[in-house]
**Q** 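Just passing along the structure, written as structure tokens.
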Amino acid sequence: MDTLGFIGLGVMGRPMASNLVRAGSPVVVWNRTAARCAPLAAAGATLARGPDEVFARAGVVFLMLADEAAIDAVVERGTPALASLVRGRTVVQMGTVSASYSRGLAAEITAAGGAYVEAPVSGSRGPAEAGELVAMLAGPGAAVERVRPLLAPMCAEVFVCGDVPSALLTKFSVNVFLIAMVTGLAEAFHFAEEHGVDPGRLERILDAGPMASTVSRAKSRKLARGDWDVQASIGDVLKNNRLITDAARGRGAASPLLDACRSLYAETLELGHASADMAAVIHAYRARARPEGTS
């Protein structure tokens, strides 16, 4: 069985890598904050001294990193070292980055003799822990087919989308709905609390009705209880929102709902809730609330 590499053990990456280890795959891991590696080591993963060791030992390397700068640092983009790292390797980029960045990274890795697969996922910490993420794949056919079965411990469904960056653009489309839905749900709870409606009752009614979903039930529970334990953080959602609205502007597409959401998540972050769950966007509504007739 081929050794797999996994770099980036944050809120999503750690449970994803853990599922690979539990499935019996030989996995070598690295994370900038070394303490995050301890649970993986206890489960049987091999700890690397640095990203270069991960690439040296693994034929397929999964990247689940926070942003483009972190990816560039790991693959040493812009230096001759990139070629020595990725040559003969398949790099599976699972984070959410701009479509143009992914297209450029794919070109550089391919030119250096590696293969690049774009594999963003839909789902938050809960589905990541349960191995129930939904993956979207893009890249050369042979590389995609090599990667697809490797995702089984992490993902309940895998969809092949075409060439890079079609997987990311599909993920953005999914997130338009996600962000608009959760923000609307927060507005419903804010409206309810301003009018003295019992939040627990509202939660039960929404959960029982035709609009209920796995996401709405989880977020309604958080909003009713004031539970901001992170599944998808305000900071991450704001980053995703910016990527989507920037992509929309670049294409001339209208994005009025996401423009409004972007402002609300930015305000929530400024209020000090960057690491809270996205349901905490209700704090922006509360901060905006004013008695009728006042400025």
Side-chain angles (χ1 to χ4, degrees), residues 11-12 15 96 120-136 155-157 159 170-245 254-292:
V11 169
M12 295 289 288
T96 305
V121 293
S122 179
S124 57
R125 188 183 70 184
E129 291 171 345
E132 296 176 351
L133 297 168
V134 176
M136 291 144 275
C155 302
E157 296 281 352
F159 294 89
T170 304
K171 165 74 181 290
F172 291 169
S173 302
V174 170
N175 278 3
V176 170
F177 178 52
L178 170 67
I179 294 170
M181 176 178 61
V182 175
T183 310
L185 192 62
E187 186 162 332
F189 274 85
H190 173 66
F191 180 89
E193 71 183 14
E194 290 295 316
H195 288 83
V197 174
D198 179 73
R201 184 181 300 116
L202 176 61
E203 177 196 359
R204 294 192 296 276
I205 291 169
L206 290 171
D207 287 357
M211 297 178 292
S213 67
T214 301
V215 172
S216 75
R217 288 189 173 102
K219 300 309 181 188
S220 290
R221 191 173 302 113
K222 287 183 173 296
L223 287 159
R225 293 158 175 73
D227 168 20
W228 314 127
D229 184 45
V230 67
Q231 294 287 329
S233 74
I234 291 290
D236 284 343
V237 173
L238 178 58
K239 182 195 81 169
N240 276 261
N241 199 324
R242 285 171 174 159
L243 289 171
I244 296 166
T245 52
S255 58
L257 278 176
L258 267 291
D259 290 340
C261 291
R262 181 171 173 169
S263 296
L264 287 161
Y265 283 93
E267 290 167 26
T268 310
L269 185 144
E270 289 168 4
L271 289 167
H273 303 288
S275 297
D277 187 79
M278 66 185 296
V281 72
I282 195 172
H283 291 297
Y285 285 102
R286 290 167 176 165
R288 286 190 183 192
R290 296 289 185 274
E292 185 178 353

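The first residue of the sequence shown is numbered 1, and numbering continues consecutively from there.
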**Q** State, yes or no, whether a side-chain contact exists between M12 and L133 at a heavy-atom distance under 4.5 Å.
**A**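 With C-beta onward as the side chain, the pair touches.
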**Q** Going from CG on L178 to SG on C261, what distance comes out if it is rounded to the nearest 0.5 angstrom?
**A**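 The CG atom of L178 sits 10.0 Å away from the SG atom of C261.
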**Q** If I take atom NE2 from residue H283 and atom CD1 from residue I234, how far apart are they, to the nearest 0.5 angstrom?
**A**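 The distance works out to 8.0 Å.
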**Q** Would one find more than 12 heavy atoms of other residues, nucleotides or ligands at under 6.0 Å from atom CZ of R217?
**A**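 More than 12 within 6.0 Å, yes.
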**Q** Mind checking whether E193 and P199 have side chains closer than 4.5 Å, heavy atoms only?
**A**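 Result no, sub-4.5 Å side-chain heavy-atom pair not found.
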**Q** Compare every heavy atom of T245 with every heavy atom of S255, then report the nearest pair and how far apart it is.
**A**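 That closest heavy-atom pairing would be OG-CG2, 4.1 Å.
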**Q** From I179 CD1 over to M181 CE, what is the distance, rounded to the nearest 0.5 angstrom?
**A**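 Result: 10.5 Å between the selected atoms.
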**Q** Could you tell me the separation between the CE atom of M278 and the CG atom of N241, rounded to the nearest 0.5 Å?
**A**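 If I round to the nearest 0.5 Å, the distance is 9.0 Å.
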**Q** State which residue, out of H190, E267, E187, fulfils the side chain to side chain donor-acceptor pair (under 3.5 Å) condition with Y285.
**A**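 Of all the options given, the one that passes is E187.
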**Q** Can you give me the closest heavy-atom contact between A186 and V281, atom names plus distance?
**A**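 Minimum heavy-atom separation between A186 and V281: CB-CG1, 3.5 Å.
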**Q** Is there a side-chain contact between S173 and M136, using heavy atoms and a 4.5 Å cut-off?
**A**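 When only atoms from C-beta onward are counted, M136 and S173 do not touch, as no gap falls below 4.5 Å.
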**Q** Below 4.5 Å, heavy atoms only, C-beta onward: do F189 and L206 meet side chain to side chain?
**A**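 With C-beta onward as the side chain, the pair touches.
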**Q** If only atom types and distance count, is the side chain of K171 paired as donor or acceptor with the main-chain N or O of V121 below 3.5 Å?
**A**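 Yes: the side chain of K171 pairs with the backbone of V121.
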**Q** Roughly how far, to the nearest 0.5 Å, is OH of Y265 from CZ of R242?
**A**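 Separation between the atoms: 13.5 Å.
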**Q** Is there a side-chain contact between L223 and W228, using heavy atoms and a 4.5 Å cut-off?
**A**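 A side-chain contact under 4.5 Å exists here.
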**Q** With a 4.5 Å limit on heavy-atom distance, are the side chains of V197 and F191 in contact?
**A**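 SC-SC contact between V197 and F191 ruled out.
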**Q** Do you know the tightest heavy-atom contact between Q231 and G126?
**A**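 The pair with the smallest heavy-atom distance is OE1-N, 2.6 Å.
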**Q** Ignoring hydrogens, what is the shortest heavy-atom contact between T268 and A280? Give both atom names and the distance.
**A**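 Taking T268 first and A280 second, the nearest heavy atoms are CG2-O, 3.4 Å.
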**Q** Holding to salt bridge (Lys or Arg N to Asp or Glu O under 4.0 Å), I want the full list of residues that pass it with R262, two or more places apart in sequence or in another chain.
**A**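 Applying salt bridge (Lys or Arg N to Asp or Glu O under 4.0 Å) to R262 gives D246.
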**Q** Give the minimum heavy-atom separation between A180 and L257, together with the two atoms involved.
**A**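 Looking at all heavy atoms of both residues, the closest pair is CB-CD1, 4.4 Å.
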**Q** Can you tell me how far SG of C155 sits from CD of E132, rounded to the nearest 0.5 angstrom?
**A**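 Rounded to the nearest 0.5 Å, the CD-SG separation comes to 11.0 Å.
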**Q** If every non-hydrogen atom of S220 is compared with every non-hydrogen atom of D207, which pair is closest and at what distance?
**A**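 Closest heavy-atom pair between S220 and D207: CB-OD1, 4.1 Å.
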**Q** With salt bridge (charged side-chain N to carboxylate O under 4.0 Å, His left out) as the test, pick out the partner of D277 among K219, R225, R221.
**A**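 Only one option passes, and that is K219.
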